[in-house]
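Notes follow once the structure below has been shown.
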Amino acid sequence: MLVMVLQGVKCFINGRIYAGFKPLRVREAVVAAYGRILYVGENRDALSICRMLKGEIVDLGGRIILPGFIDSHMHLDSLGLQLATLDLRGVRSIGELKKRIREYNEEKNPGIIIGRGWDQELFDEKRWPTRWDIDEAVGDKPVILIRVCGHAAVLNTKAMEITGLLTKQTPNIVRDESGVATGVVVEDAVGEALSILSGSMSMDERVGLVESALKYASSLGVTTIGFMSCGRNSLEALFALFQSNGWRYPRIRVYMEPGLFNDVSRLGVKGGFGNEYLRIKGVKLFADGSLGARTAWLSKPYSDKPSVSGRQLISREELREVLEKASKQGFQVAVHGIGDAAIDLILSVYREFGVSGRIRHRIEHASVIRPDQIEEASRLRIVISVQPHFVISDWWAKERLGSERIKWLYPFKTMASKGIMLGFSTDSPVEPLNPWETIYAAVTRGRNENISFYEDTRNETLTLEDALYYYTYGSAYVIGEEEELGSLEEGKLADFIVVDRDPFEVDIDDVRGTKVLETYIGGERIY
Ligand code: ZN
């Protein structure tokens, strides 16, 4: 492994360099020196700087450079787990299932095998798989294979033992005629088994998971990540990765889950602790659930289930307490709020603390947000992390909200026009990490996918400039680092990408297919 050298001078000339999007700034050349941008402008000046400093010249030959994308809200550990999951969709028999696990084990030799997507309806054997089937393929390490629906799984005997499910008495464990557990578990036992098994991973495995997620992010041109709900195990894995071989990955900004935040703040650690690669920024809380499960907390009942208005997941006192502690120590607070009642709660607590100053407090998602709340968030200078790809994934949302409230769903344009700073993100692995999918969703809002509320909210469509702006500068602002990141300006960190087409020269369907050719962090190529 080569030692990372984050130094030197590189001069990129003959490019089409999008330095920023509001206003749109296009330049020919950029000089990166010792991790930062020394110059952005014309070839001639860049070349003379480069000659003076004896830098390396990179001829872009007309290629396109953009600032790196900043995903302000994603889950690095869950993404790593998803990338390490064996895809079992379309498997036709228990025999094939066994073969696939055996081969996967030989190829990757993971500590735990996690698979997903099988369906016994497709099996030649016309029966459910059992732990004895799986034991025949892999018996010496835990295996959990989740059914396509997510509500059932089959474990091998080793996994049943480790999770304690072999002997546990609950109706969620399937038994044969003689009362012996077959290895099939359903409903809550699936999540329980998965969390016990992933909790039993070694540090090396955890490091491997976050590393693979980071490499994937680099390949998509994501140069900074807002890692939400980071727990102790993942934070330790990040520190271990950082110490191992220098940092050749996207930058990470950590938002801790409340338990870790308590421990860290008790140690007297201040917000912003870390360095330019890995920095602890804040704490993530949940005020409510999701629209899909009807647990997002609405001020009026669900249109398709009038007995339900969702769930409040945090009390006002708890929220106030965390906000007070975080503000004192310089941490940002990021609160998940999807329904308008949850947003009312968050805004009312933020209001008590006054206009957001140096520390920017955040609302995550803000999916169903009323016009009066948009005014209030703008007045309080609250920043909002949005996930435009939800527009396409939540195609059923009109049933939940009805024809009046649907106008309040994902009102990006209105929020932007009221001066709220938005950060773009994916909530990956909930939505695809690929930034171009999110940009496509923000610019089209489901026009081509026949989304039921397209007509109701088509005025919330953003332009391509807007979408790129919020994915770069906007996200940098949301994480409080717009002076360092988010555009190509002299003095900022040299994080940028080379792409295979000019997004302003092709139509939006082709923008979606843009490929990232190279990714640079601090002027060094990491992909
Ligand atoms: Zn999330």
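All ligand and atom numbering here is 1-based and tracks the order in the structure.
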Give a yes-or-no answer on whether the side chains of Ser425 and Gln387 include a donor-acceptor pair shorter than 3.5 Å. yes
At distances under 2.8 Å, what protein N, O or S atoms surround the Zn ion (ligand 1)? His73 NE2, His75 NE2, Asp427 OD1
Tyr469 six-ring centre to Lys22 NZ/CZ under 6.0 Å and within 45° of normal: yes
Applying side-chain hydrogen bond (donor to acceptor under 3.5 Å, both in side chains), which residue pairs with at least one partner in residues 439-451 are found, sequence neighbours left out? Tyr440-Asn448, Tyr440-Glu449, Arg445-Thr457
Keeping to residues at least two apart or across chains, list the side-chain hydrogen bond (donor to acceptor under 3.5 Å, both in side chains) pairs with something in residues 214-223. none
With under 30° as parallel and over 60° as perpendicular, where do the rings of His73 and His75 fit, or are they tilted in between? perpendicular
Mind listing the side-chain donor-acceptor pairs of residues 406-414 below 3.5 Å, one per line with the distance, residues two or more places apart or on another chain?
from, atom 1, to, atom 2, distance (Å)
Tyr410, OH, Asp394, OD2, 2.5
Thr414, OG1, Glu460, OE1, 3.2
Thr414, OG1, Glu460, OE2, 2.5

